[in-house]
Amino acid sequence: MKKITKFKHKKVLVLGLAKSGVSAASLLHKLEAFVTVNDQKPLAENPEAQGLLQEGIKVICGSHPIELLDEGFEYVVKNPGIPYHNPLIKRAVEKGIPVFTEVELAYLVSEAEMIGITGTNGKTTTTTLLYEILNEGGQRPLIAGNIGTVASEVAQTAAKDEKMVVELSSFQLMGIQEFSPHIAIIINLYEAHLDYHGDLGEYWHAKANITKNQSEDDYLIINHDQDHLVKTVGFTKASIIPFSTTQEVEGGAYIKADGIYFKKERIGDLSSVVLPGAHNLENILCAVAAAKLYGVSNESIMSVLGTFAGVKHRTQFVKEVNGRKFYNDSKATNTLATKSALNAFNTPTILLAGGLDRGNGFDDLIPHLKNVKTLITFGETADKLQQTGEKAGIQTILRVDNVEKAVPAAFENSEEGDVILLSPACASWDQYRTFEERGDIFIKAVHTL
């Protein structure tokens, strides 16, 4: 870990806990900052805050008092989920106090080179796939971000000859100051998270921040098939490596009838790839491009592509029960992800969907529901999804209380050869703490049929 002095004897407010806040507070404490942690949850119900208190860190729990910012803080490190219209954050910005998330800390202390991966969809799959390919290729990768271990924790023990593969959300990227990965990847850009960002322009700008500090010695891998993405990152100084699923691109990664290519070099046979779904071709091309920039052999790349079937909660095959195949796509927290999941199957499908109501409709799903024979809805958006299902002409639409009850209902309304797919098209927070919890409940319900 780099022994930086930027935060030494500086007052830093860590706003919001969870894994990222705990890691940030502990790291700042090690860097000899004067740390104050503020979390909404009361101290008696907050084991994370209690642990920080035992480390000697000042903790304020139960509310977010606006007067906190009168204590002369020089930095604010916020939980990514806290929006910028939060009163404390707004006040900090007005006062000119730098506000960022723990990935900034990770970058500042990491000895390892970073590969940053973002996009509206496909981040987790691409991050995991690239990690596996680099590992197979002897590159000593580390994996961090929303995918599991937070970046600021991994960075503390990262070595110079290692590489950190980091999944990054727009929430994390919106406030970066110095963060600059050697390789940045933007898989795609669509409309999402407008409840957080307010408008599409701010969302895209946040994603583009991944390259704002890159230099001519760095690389930016982007989706050449999206003109709006190419324009959004037009300011970059990095060397652009394009990828395309539809055409051959100069100096980049692409698909042809006989295989996967990078800079005119044939990497391998597309038929050897086991990761399902056309949408995953984008993820594969991103990972291939980054791996080739590090000199990974084609044999290592194809060895992983021939065995990598996806990640948990992302079109994850769970089990076959009496000829019905169950898939867990709990990470599909927007309609775009659910479209991709639906398009991965050509067989009769039972769709399980619903969750947090963010104010959007679901009619953009209608063209993708052609194989859905039964729709089972739950959560705050159950009525909206039912209306969409009716417009799509789905004959059987059922409403249940939760995911656990949706599984036996789906089984009862299915036949041999059907796919039963949990792809909620919504965030989980109306009923579950995380999409992982929602997916795990689905998996358990499948195994108890």
Let's go through L134 and V296 carefully: what are the C-alpha distance in whole Å and the side-chain angles of both, what is the deciding distance for side chain to side chain contact (heavy atoms under 4.5 Å, CB included) to 0.1 Å, and is it a yes or a no? CA-CA 7 Å; L134 293 176; V296 176; 3.9 Å; yes
How far apart are the C-alpha atoms of L27 and M1, what are their side-chain angles, what is the distance that settles it, and do they pass the side chain to side chain contact (heavy atoms under 4.5 Å, CB included) test? CA-CA 10 Å; L27 175 54; M1 181 175 81; 3.6 Å; yes
With side chain to side chain contact (heavy atoms under 4.5 Å, CB included) as the criterion, how do H224 and Q247 come out once you've worked through the C-alpha distance, each side chain's angles and the decisive distance to 0.1 Å? CA-CA 9 Å; H224 184 78; Q247 59 186 299; 3.9 Å; yes
When you look at L375 and Q386, which way does the side chain to side chain contact (heavy atoms under 4.5 Å, CB included) test go after all the steps? CA-CA 8 Å; L375 173 63; Q386 178 177 336; 5.8 Å; no
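Salt bridge R399/D383: present, at least one basic N to carboxylate O contact under 4.0 Å. Ionic pairing of K41 and E45 is not present here: no N-O contact between side-chain nitrogen and carboxylate oxygen is shorter than 4.0 angstrom.
The heavy-atom pair separating L369 from L351 by the smallest distance is CD2-CD2, 3.9 Å. F235 approaches A208 most closely through the heavy-atom pair CZ-O, 3.6 Å. Among all heavy-atom pairs drawn from K207 and S170, the shortest one is NZ-N, 3.7 Å. Closest non-hydrogen pair, N283 versus L129, comes out as O-CD2, 4.2 Å.
No more than 12 heavy-atom neighbours from other residues, nucleotides or ligands sit within 6.0 angstrom of NZ on K90. Counting heavy-atom neighbours within 6.0 Å of E111 CD, excluding the residue itself, gives a total above 12.
Only one option out of R314, K312, R438 pairs with D329 in a salt bridge (charged side-chain N to carboxylate O under 4.0 Å, His left out); it is R314. Between I115 and the choices V166, T127, L130, the side-chain contact (heavy atoms from CB on, under 4.5 Å) rule is met once, by L130.
Annotation: F100 is not in aromatic contact with F179 [ring centroid separation under 6.0 Å not met].
Side-chain contact between D218 and S180 is present, with at least one heavy-atom pair separated by less than 4.5 Å.
Ring planes of H313 and F435: perpendicular class, angle over 60° (limits at 30 and 60°). W204 and H228 have parallel rings, their planes meeting at less than 30° on a 0 to 90° scale where 60° marks the start of perpendicular.
Put simply, CG on L220 and OG1 on T236 are 5.0 Å apart, with the number rounded to the nearest 0.5 Å.
With sequence neighbours left out, the salt bridge (charged side-chain N to carboxylate O under 4.0 Å, His left out) criterion links K319 to no other residue.
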